[in-house]
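Have a look at the structure that comes next, please.
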Amino acid sequence: METFTEKAVAIIKNIPAGRVMTYGQISKLAGSPRGARQVVRILHSMSKKHQLPWHRVVNIKGEIGLKDDEHFSIQKLSLEREGVEFFSSGRIDLSRFQFFPEQEE
DNA sequence: ACCCTGACCGCGT
DNA sequence: AACGCGGCCAGGG
């Protein structure tokens, strides 16, 4: 991997089931502390072609950012099936489920 | 080849 | 607490 995009894609593909990462976290690890938006772009375009676990990416608040109800449900159900628990507010407990590549679990 | 867009984040009003 | 804005990047029309 060399480019920001390639790094980001590699990181996303490296997220284990039952864990989540935030946009900002991914962009930072990929070399751009402020490039969270690029991760959004990558999820949109790359997830179609490549098979990325886009449902394991959430915003820094631990919530699903999608506005589309159907896709929102798909993501939430996918995560719950992997063992990720949500608060009634719809947020994820990042202190328990956020994944840090550095620790390599 | 240019321009718009996008599921964000953090900081300053 | 809410809102606005700038930063970062590249795919697709």
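Residue numbering restarts at 1 for every chain, and letters A, B, ... go by the order of the sequence lines. All values reported here derive from a predicted model rather than from experimental measurement.
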For this session: Let me know the distance between CD1 of Ile12(A) and C1' of dC8(B), rounded to the nearest Å.
Result: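 About 13 Å, once rounded to whole Å.
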Exercise. What is the nucleic acid contact for Ile60(A), judged by heavy atoms within less than 4.0 Å: base, sugar-phosphate only, or nothing?
Worked result: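 If one applies the 4.0 Å heavy-atom cut-off, Ile60(A) turns out to touch the sugar-phosphate alone, with no base involved.
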For this session: Rounded to the nearest angstrom, tell me the gap between atom CD in Glu70(A) and atom P in dA7(B).
Result: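 Spelled out: CD on Glu70(A) to P on dA7(B) is 16 Å.
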Exercise. Hey, are the side chains of Thr5(A) and Gln38(A) touching, using non-hydrogen atoms and a 4.5 Å cut-off?
Worked result: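 No; the side chains remain at least 4.5 Å from each other.
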Exercise. Nearest-Å distance, CD1 (Ile42(A)) to P (dC8(B))?
Worked result: 14 Å
Problem set entry | Heavy-atom protein contacts under 4.0 Å, nucleotides 5-11 of chain C, coded B base, S sugar-phosphate only, - none | -BBBBBS
For this session: Of all the heavy-atom pairs spanning Leu43(A) and Trp54(A), show the shortest one and how long it is.
Result: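 So the minimum-distance heavy-atom pair works out to CG-CB, 3.9 Å.
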For this session: Decide, yes or no, whether a salt bridge links Glu82(A) with Arg56(A) under the criterion of side-chain N to carboxylate O below 4.0 Å.
Result: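 Between Arg56(A) and Glu82(A) there is a salt bridge, with a charged N closer than 4.0 Å to a carboxylate O.
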Problem set entry | Integer-rounded Å distance: dC4(B) C1' and His44(A) NE2 |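 Answer to the nearest Å: 14 Å.
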Problem set entry | Summary of side chain to side chain donor-acceptor pair (under 3.5 Å) pairs that have at least one residue in residues 62-81 of chain A, sequence neighbours excluded | Lys61(A)-Glu63(A)
Please produce a list of atom pairs where a protein N or O lies less than 3.5 Å from an N or O of nucleotides 1-3 of chain C.
none

For this session: Before giving the answer on side-chain contact (heavy atoms from CB on, under 4.5 Å), spell out for Lys7(A) and Thr3(A) the whole-Å C-alpha distance, their side-chain angles and the decisive distance to 0.1 Å.
Result: CA-CA 6 Å; Lys7(A) 290 179 183 176; Thr3(A) 70; over 6 Å; no
For this session: Give a yes or no on whether the backbone of Glu2(A) and the side-chain of Glu6(A) come within a donor-acceptor separation of less than 3.5 Å.
Result: yes
For this session: Could you tell me whether the side chain of Leu79(A) reaches within less than 4.5 Å of the side chain of His55(A), counting heavy atoms only?
Result: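 A side-chain contact exists here, since the closest heavy-atom pair is under 4.5 Å.
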Problem set entry | Between dA7(B) (C1') and Leu79(A) (CG): distance, integer Å | 13 Å
For this session: Would you kindly confirm whether Ile60(A) and Phe99(A) end up in one hydrophobic cluster when ILVMFWY residues are joined by side chain heavy atoms under 4.5 Å apart?
Result: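 Different clusters.
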